[in-house]
Amino acid sequence: MNYWLVKSEPDECGIDDFVASGDKPIRWDGIRNYQARNFLRAMKPGDQVLLYHSSCKQIGVAGVLEVVTEPYVDPLQFEPGSDYYDAKASTDKPKWSAVDMRLVGKAGQVLPLATLKQLSALQTCVLLTRPRLSVMPLTEDEWQAIIKPLGHLQLFSEAKG
DNA sequence: GCCAACGTTGGC
DNA sequence: GCCAACGTTGGC
């Protein structure tokens, strides 16, 4: 099993969207960066994923997701109306991939970026060393270092409240 | 293949 | 709104 971190603006797709979706997975699509895509393509069902909220009031880790499908062709690349349409992609030669994820749990509080920056285990973490990458792997040590201070996770049934 | 110009991400 | 850090594009 692998560990990952994905970034999203909560206005686009945040932890509360996963809470609202409950058991039903949400498609993680619209990745249009090759490095991020290549990491996404390495995802397997059962992999654990931290959801990071970016460009918002409370920047930081908001909860835990789980990969539920193998990576598959992102359909948005073929939809001319979509923000994620790619004229150079064809059904013969698709360029971009997506996976489905579902909520594992929502953090009681967002674990802020400022706190992450202080964790010694994260000093070499891709999150802090490589800006602008929206899908990245985490080592088990990095995962543990974030999960601990993240505290109790509300399961989707709880989080719905 | 090089590199300048431009666009995007994302924290502050 | 600003700007640093990148990635992409396109001329040559």
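Side chains included, hydrogens not; waters and symmetry mates left out as well; all remaining heavy atoms used.
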Taken to the nearest whole Å, CZ/A/Arg32 to P/B/dT9 is 12 Å
Report the distance from atom CG of A/Asn33 to atom P of B/dT8, rounded to the nearest whole Å.
14 Å
How many whole angstroms separate atom CG of A/Asp86 from atom P of C/dT9?
9 Å
Reference residue A/Ser134; test side-chain contact (heavy atoms from CB on, under 4.5 Å); the match among A/Val6, A/Ile31, A/Asn33
A/Ile31
Phosphate-side-chain proximity, A/Lys7 and B/dG10, N/O vs OP1/OP2 below 4.0 Å:
yes
So, are A/Arg32 and A/Asp83 salt-bridged, with charged N and O less than 4.0 Å apart?
no
Tell me the interatomic distance from A/Leu128, atom CG, to C/dA5, atom C1', rounded to whole angstroms.
15 Å
Take a 6.0 Å sphere around CD of A/Glu79 and say whether it holds more than 12 heavy atoms from other residues, nucleotides or ligands.
yes
Atom pair OH (A/Tyr3) and CD (A/Glu140), whose distance is rounded to the nearest 0.5 Å:
4.0 Å
As a test of reading the structure: which of B/dG11, C/dG7, C/dT9 is closest to the side chain of A/Gln35, going by heavy atoms?
C/dG7
Nucleotide C/dT8, atom P - distance to CH2 of A/Trp96 in whole Å
7 Å
Could you state the atom-to-atom distance from CZ of A/Arg37 to C1' of C/dG7 in whole Å?
14 Å
Does A/Tyr72 have its ring centroid less than 6.0 Å away from the ring centroid of A/Trp96?
no
Give a yes/no answer on whether the side chain of A/Lys57 brings an N or O atom under 4.0 Å of OP1 or OP2 in B/dG10.
no
Sugar-phosphate, base or nothing in reach of A/Ser55, heavy atoms under 4.0 Å:
base
Check the distance between B/dG10's C1' and A/Gln58's CD and give it to me in whole angstrom.
17 Å
Could you tell me how far apart A/Met136 (CE) and B/dT9 (C1') are, to the nearest whole angstrom?
12 Å
What's the closest nucleotide to the A/Ile59 side chain, out of C/dT8, B/dG11, C/dA5?
B/dG11
Do the side-chain N or O atoms of A/Tyr52 get closer than 4.0 angstrom to the phosphate oxygens (OP1, OP2) of B/dT9?
no
Out of B/dG11, C/dG7, C/dT9, which nucleotide sits closest to the side chain of A/Ser54?
B/dG11
